[in-house]
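Take a look at the structure set out below.
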Amino acid sequence: MELTPSAHQDSFARDNLPPAEQWPTLEFTLPELQYPQQLNAAGVLIDDAVTRFGADRPALLTPDGAVWSYGQLQRHANQVAQVLVEDLGIVPGNRVMLRSPNNPWLVAAWLGALKAGAVVVTVMPALRAKELRTLLDLTRPAAALCDHRFLDDLVEAAGNDLPVLAMGGSTGTDLTARCDAKSGDFDTVPTAADDVALLGPTSGTTGTPKITMHFHRDILANADTFARHILAPTPEDVFAGSPPLAFTFGLGGLVVFPLRFGASALLTERATPVELAQAVHDAKATILFTAPTAYKAILKEGAEGLLASLRTAVSAGEHLPAETWRAVRQRTGLKLINGIGSTEMLHVFISAAGADIREGATGTAVPGFRATILDDDGAGLGADAVGRLAVIGPTGCRYLNDSRQADYVVNGWNVTGDTFRRDADGYFYYQARSDNMIVSSGYNIGAPEVEAAIDQHPDVVENAVVGRPDPERGSLVCAFIVLRDGVQADDAKRKEIQDFVKQAIAPYKYPRQVNFVEALPRNPSGKLQHFRLREQLAADLPAPEPQNA
């Protein structure tokens with residue numbers, strides 16, 4: 001597809017798009033997906049929203065009772081844009097990294113960066129310096145805005161290469177203080193609809209994260225497909241959820257969707273499932289986004305009554321077991337909306353709501369998308385055949401300067417790495433992940449990344465990491481570790497390695513189960529056989545004896 005003239009002065013993003021022949025097929029089959037050539041997503045989401053819905057309508061809520069109106073959010077976003085341009089010298093096309101838990105200032109920073117024509121890179125607060133250094137090297141931001149409570153790792157990773165401005169704090173020179181000195185008047189940069197707006201890191205299943213690239217029009221396309229047709233939000237809705245805004249699942253459900261339809265969003269920085277349910281109750285939230293494990297935890301604690309205000313509950317981030325769907329239905333009356341999406345596609349592309357839901361199915365292709373099942377050679381399969389899920393729509397995979405683009409896009413299809421079957425009525429049923437991603441409590445965890453962290457421990461000779469099925473979390477990160485001779489394999493060493501991993505990578509990725517073994521199973525050519533470890537865990541048997549040549 002031929003690109004339109006860019007508004008970016010810094011051409012880094014366009015220069016690093018994959019070759020045109022490696023792009024997926026893009027389709028804009030709905031009237032609402034016909035976007036103008038010139039489009040700034042933040043301008044639509046906040047400037048147009050103020051005009052359409054009014055400056056006084058509530059936009060962002062917090063559990064402590066704070067409320068930002070649409071007008072306040074617009075003013076703060078404009079002030080952030082002024083700080084970026086006037087104080088930090090940001091020009092259109094520069095990347096701006098954001099690091100913060102979910103709160104109103106993160107949303108203002110995200111909108112402000114887009115209004116300034118920058119490309120946003122939002123990262124998890126939990127990431128450690130080594131992980132952040134990798135993302136800095138890949139995305140090359142010109143500035144970073146970071147919550148003052150999470151500065152240390154980012155400052156360590158950035159060194160002297162990057163200006164890092166704190167959000168909050170008591171220095172008097174942080175982002176909020178600088179914003180107070182700005183007028184709040186800013187002319188949104190007229191970016192092209194196909195200018196890159198977001199760089200979204202994946203979870204790095206092969207050790208190095210892939211960086212997905214999303215245009216300004218892509219941000220709106222997910223709202224105008226999944227949100228518009230499945231959720232059908234109104235300005236009276238209050239969105240809530242657990243996913244961080246660094247996840248595109250959270251970005252859509254807690255920023256893009258509510259602003260696109262004049263609704264409001266409840267932002268919680270950190271909450272247990274029951275605390276989230278209490279916040280939903282207190283804010284009278286009507287639409288909830290969280291993982292199946294959170295719904296199960298709410299039921300387990302007998303807190304389902306706190307969800308009484310909900311009209312819609314969305315489950316994504318991991319497979320929704322049929323028994324969880326039934327339990328939520330029986331105890332709350334809610335028919336959970338299941339869905340599958342990916343960072344590459346930005347949000348959900350298969351789902352169903354209301355009477356269209358079939359128990360046990362993920363759903364059908366969301367309006368604006370089409371999906372199929374492919375065999376290992378890329379050929380389409382018929383009804384009830386099990387194969388690789390593939391999808392085409394208005395969004396699609398574009399990796400930043402990455403040879404793995406050719407693995408995700410096959411003959412124009414986005415091949416997601418999930419195994420599904422499709423019935424004769426077009427409903428898709430999840431079977432398994434077809435790669436080495438571990439999905440635990442809604443978090444995507446790349447096994448090779450965990451293996452690499454464990455390998456750095458001086459007492460580890462080698463290790464292998466797989467996911468163990470778990471009724472509460474979906475999967476647990478499970479490590480099989482060979483220790484060097486003379487090292488005691490005991491609980492103390494197990495905890496030492498777990499704590500070591502927590503310091504090396506984001507703590508949620510650490511192996512919750514550690515098995516010490518004499519050797520790892522390998523095939524005659526010496527290749528590690530992860531599948532044998534998965535089989536052993538599924539059968540709950542002792543670790544298999546290694547099969548060496």
Side-chain angles (χ1 to χ4, degrees), residues 202-203 205 226 230 243 247-249 289-296 313-329 335-353 356-366 369-376 380-393 397 408 410 413-447 466-476 531 534-535 537-538:
T202 69
S203 298
T205 60
F226 173 68
I230 304 299
F247 291 176
T248 54
F249 179 43
F289 284 76
T290 194
T293 49
Y295 290 110
K296 288 193 288 187
V314 181
S315 173
E318 63 187 25
H319 173 57
L320 172 62
E323 57 270 22
T324 302
W325 190 93
R326 286 193 295 269
V328 171
R329 173 68 167 161
K335 299 176 71 173
L336 285 181
I337 293 178
N338 198 1
I340 182 171
S342 67
T343 308
E344 288 83 356
M345 301 298 292
L346 200 54
H347 215 275
V348 171
F349 48 78
I350 290 178
S351 187
D356 293 331
I357 293 175
R358 288 190 183 178
E359 186 178 326
T362 302
T364 61
V366 168
F369 292 89
R370 56 190 174 99
T372 192
I373 303 297
L374 302 179
D375 66 14
D376 290 341
L381 295 172
D384 292 322
V386 173
R388 298 182 296 162
L389 177 65
V391 62
I392 285 174
C397 177
Y408 200 94
V410 178
W413 291 95
N414 298 275
V415 181
T416 68
D418 300 278
T419 302
F420 270 75
R421 70 173 178 87
R422 180 186 57 184
D423 69 15
D425 296 326
Y427 279 80
F428 289 81
Y429 294 80
Y430 176 81
Q431 306 296 305
R433 283 293 295 181
S434 51
D435 60 16
N436 52 4
M437 181 73 76
I438 300 168
V439 184
S440 182
S441 296
Y443 288 93
N444 291 333
I445 301 169
V466 296
R468 174 172 188 155
D470 180 76
E472 297 298 323
R473 297 175 179 270
S475 293
L476 291 180
F531 75 92
R534 295 190 190 96
E535 290 173 350
L537 290 174

**Message:** Test of understanding: with salt bridge (Lys or Arg N to Asp or Glu O under 4.0 Å), list the residues that count as partners of Asp423, not counting sequence neighbours.
**Reply:** Arg358

**Message:** Has Arg421 got a side-chain atom pairing as donor or acceptor with Ala385's backbone, closer than 3.5 angstrom?
**Reply:** no

**Sidechain-backbone polar pair: Tyr295 side chain, Val314 backbone, donor-acceptor under 3.5 Å** = yes

**Request:** Taking all non-hydrogen atoms of both residues into account, name the closest pair between Val386 and Ile373 and its distance.
**Result:** C-CG2, 4.1 Å

**Request:** Calculate, to the nearest 0.5 Å, the distance between atoms CG and CG belonging to Asp470 and Leu476 respectively.
**Result:** 4.0 Å

**Request:** May I ask you to decide if Leu336's main-chain N or O and Trp325's side chain share a donor-acceptor pair within less than 3.5 Å?
**Result:** yes

**Message:** Please give me the minimum heavy-atom distance between Asn414 and Ile392, naming the atom from each residue.
**Reply:** ND2-CA, 4.3 Å

**Request:** Please confirm whether the backbone N or O of Ser475 pairs with a side-chain atom of Ser440, one donor and one acceptor, at under 3.5 Å?
**Result:** yes

**Request:** May I ask you to check whether Tyr408 and Ser342 show a side-chain donor-acceptor distance below 3.5 Å?
**Result:** yes

**Gap between atom CD1 of Ile357 and atom OG1 of Thr364 - 0.5 Å precision** = 10.5 Å

**Item:** Minimum heavy-atom distance Val391-Phe369, with the two atoms named
**Value:** CG2-CD2, 4.0 Å

**Request:** Taking all heavy atoms of His347 and all of Thr248, pick out the closest pair and write down the distance.
**Result:** CD2-O, 3.1 Å

**Prompt:** Under 4.5 Å between any side-chain heavy atoms of Ile340 and Phe428, yes or no?
**Reply:** no

**Complete:** In terms of heavy-atom contacts, Thr372 and Leu374 come closest through CG2-CD2, 3.8 Å

**Request:** May I ask you to test the Leu389-Phe349 pair for a side-chain heavy-atom distance under 4.5 Å?
**Result:** yes

**Fill in**
When rounded to the nearest 0.5 Å, the distance separating CZ of Phe249 from OG1 of Thr343 is 11.5 Å

**Complete:** Output for pair (Thr419 OG1, Arg388 CZ), nearest 0.5 Å, gives 9.0 Å

**Message:** Could you measure the distance from the CG atom of Asp356 to the CG atom of Asp425? Nearest 0.5 Å is fine.
**Reply:** 11.5 Å

**Message:** Run the salt bridge (Lys or Arg N to Asp or Glu O under 4.0 Å) test against Glu323 and tell me which residues pass, sequence neighbours left out.
**Reply:** none

**Prompt:** Shortest non-hydrogen contact from Ile337 to Ala352?
**Reply:** CG2-O, 3.4 Å

**Prompt:** When rounded to the nearest 0.5 angstrom, what distance separates CZ in Arg468 from CZ in Arg473?
**Reply:** 14.0 Å

**Prompt:** When you measure from the side chain of Ser351 to the backbone N and O of Asn338, does any donor-acceptor pair fall under 3.5 Å?
**Reply:** yes

